[in-house]
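Have a look at the structure below, then the notes.
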Amino acid sequence: MLDKFSTNAFLSFGLGFILMWLSEATEAQLNYTAKPRVVLPPNYVKEIRPPSKKGSPVIVDFSIFVVDINSINVEDMDFRVDMFIHQRWLESRLEIPDDIFEEGDDYVTLLPEVFENFWQPDPYFLNSKIAEIATLTHKFTSVTLYKNKTVRYAARMHAIIACQMEFQLYPMDIQVCPIYIESFSSNNQKVKLRWSDSGVTLNPELKLLQYNLGQPLELEESDGYMPEKVGNFSRLTVYFRFERQIGHHLIQTFAPSSLVVMLSWFSFWLGLDAIPGRVTLLVTCMLTLVTMFTGADIPPVAYVKALDLWMAGCMLSVFAALAEFVVVKVLDVQYQYQVNRIPKRISNMEKGQCATVASWEGGAVRSRKATQTPTTPGQTSLQGNGGPPKPARRQSLLSVAWTDTDTGVEKIMWREIDKVSRAVFPILFFVFVLLYWPILLMKSS
């Protein structure tokens with residue numbers, strides 16, 4: 001009785017174990033059939049490129065959808081691009097059963113684990129500083145397989161691209177920044193990169209802060225020789241044209257600096273009796289320009305930029321106004337010195353007229369007085385024995401003042417310089433402006 005019970009228990013346990021094993025095997029089979037059952041041939045080697053016509057490379061179609069461009073850094077000379085990249089090529093060695101496609105579809109999305117067993121092209125960004133696939137919980141990539149054995153790879157990436165920028169025309173510069181895409185290990189005899197029909201597409205909502213993005217983008221296909229890898233490699237190039245917006249600099253730099261220069265011209269209407277106000281006005285204008293250009297967002301380059309020339313023109317104009325004030329002040333000091341000196345000389349000469357001038361002529365003594373002859377205004381002379389007049393005031397004031405022959409009004413040098421400066425300084429500045437802007441616009445275009 002006990003042996004029979006033991007035998008039945010053993011049979012029940014064995015039967016349960018067999019049923020459990022069959023259940024797990026069925027579940028595993030179901031899980032396997034839920035995956036894309038792409039059958040690779042027994043001799044498939046993923047390190048070998050797909051077969052092609054004799055002597056022809058594998059064609060890889062490439063396209064980019066630009067989501068955003070930001071962080072255009074003039075100091076590091078680079079910019080960041082967020083984009084979707086798409087690659088497409090034909091893998092003729094695959095054996096694809098029809099039952100892995102859903103009804104009405106001609107493609108199926110593969111799992112990353114399956115795609116790792118495929119041959120893959122290896123393009124890279126030649127002039128990138130950083131190029132990474134975006135991740136959250138996993139990498140944002142997808143692989144699609146079509147019935148015609150075409151493989152399509154897509155990924156969301158961000159890259160920091162180096163760009164050799166030129167700032168001679170800043171702030172009206174135009175930066176042309178290329179992105180070079182090249183096959184890393186397969187030369188142009190094995191793999192050829194080609195722009196697809198869509199090429200490079202921009203997000204229609206893309207807006208840049210200080211630039212306008214020139215369109216259409218220029219695309220190029222070429223072969224580049226890489227001495228480091230000793231060979232010619234297929235290369236794709238897309239050129240981004242960044243045109244700097246001038247509106248910000250017109251409001252923040254050009255217009256205020258022009259107003260400061262015009263403000264310095266008011267000093268020519270202030271007389272020398274307002275020396276503190278005139279000096280304060282000119283020095284304040286100079287310091288304002290220095291502060292304005294020092295705080296401007298100017299690329300720190302060694303060569304001269306267009307904005308540097310504008311800054312030099314404005315500062316030179318204000319400095320010339322300050323130098324003009326120094327000149328007229330020196331002339332005024334000389335004029336005041338001469339004016340205060342001449343009455344003293346005239347007073348001393350009038351005292352000498354009362355004395356008797358004695359002369360010895362052949363033993364006889366003759367007494368005579370020096371007589372004064374009238375002169376023109378601003379001129380005093382002594383005449384004795386019918387001698388010629390001797391100019392005094394006109395000769396001493398010749399460099400700082402003179403008498404107008406038509407009106408008889410005395411002209412003072414420093415006042416005339418101020419009057420001429422009121423017209424000369426604006427004319428010279430406007431000539432500078434008329435030369436600066438047409439040349440800059442012509443070069444930037």
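What you see is a predicted model; the values in this text were computed from it and never measured. Heavy-atom basis, side chains included; hydrogens, waters and symmetry copies ignored.
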[X] versus [Y], closest heavy-atom pair with distance:
X	Y	value
Asn187	Asn232	CB-O, 3.2 Å
Met292	Thr253	SD-O, 3.8 Å
Asn117	Lys46	O-CB, 3.4 Å
Phe429	Trp265	CB-CZ2, 3.7 Å
Ala306	Leu440	CB-CD1, 3.6 Å
Pro123	Ile181	CB-CG2, 4.0 Å

Under 3.5 Å: donor-acceptor pair, side chain of [X], backbone of [Y]:
X	Y	answer
Asp332	Lys329	no
Thr291	Thr288	no
Ser317	Cys314	no
Tyr303	Phe167	yes
Gln87	Val60	no
Asp78	Ala162	no

Check: [Y] and [X] side chains under 4.5 Å, non-hydrogen atoms:
X	Y	answer
Val143	Thr109	no
Arg241	Asn212	no
Arg49	Trp89	no
Arg278	Leu272	yes
Val191	Ser234	no
Phe115	Ser142	no

So does [X] pair up with [Y], basic N to acidic O under 4.0 Å?
X	Y	value
Arg244	Asp173	yes
Arg93	Glu91	yes
Arg415	Asp418	no

Decide whether a cation-pi geometry holds between Arg422 and Phe268; the criteria are a distance under 6.0 Å from NZ or CZ to the six-membered ring centre and an angle within 45° of the ring axis. no
Quick one: do the Asp122 and Ser183 side chains pair a donor with an acceptor below 3.5 Å? yes
Can you tell me which residue among Arg194, Arg88, Lys192 is in a salt bridge (Lys or Arg N to Asp or Glu O under 4.0 Å) with Asp61? Arg194
Residues, nucleotides or ligands: over 12 heavy atoms within 6.0 Å of Tyr107 OH: no
Does atom CZ of Phe254 have more than 12 heavy-atom neighbours, drawn from other residues, nucleotides or ligands, at distances under 6.0 Å? yes
Approximate separation, where rounding is to 0.5 Å, of Thr280 OG1 and Ile275 CD1: 11.0 Å
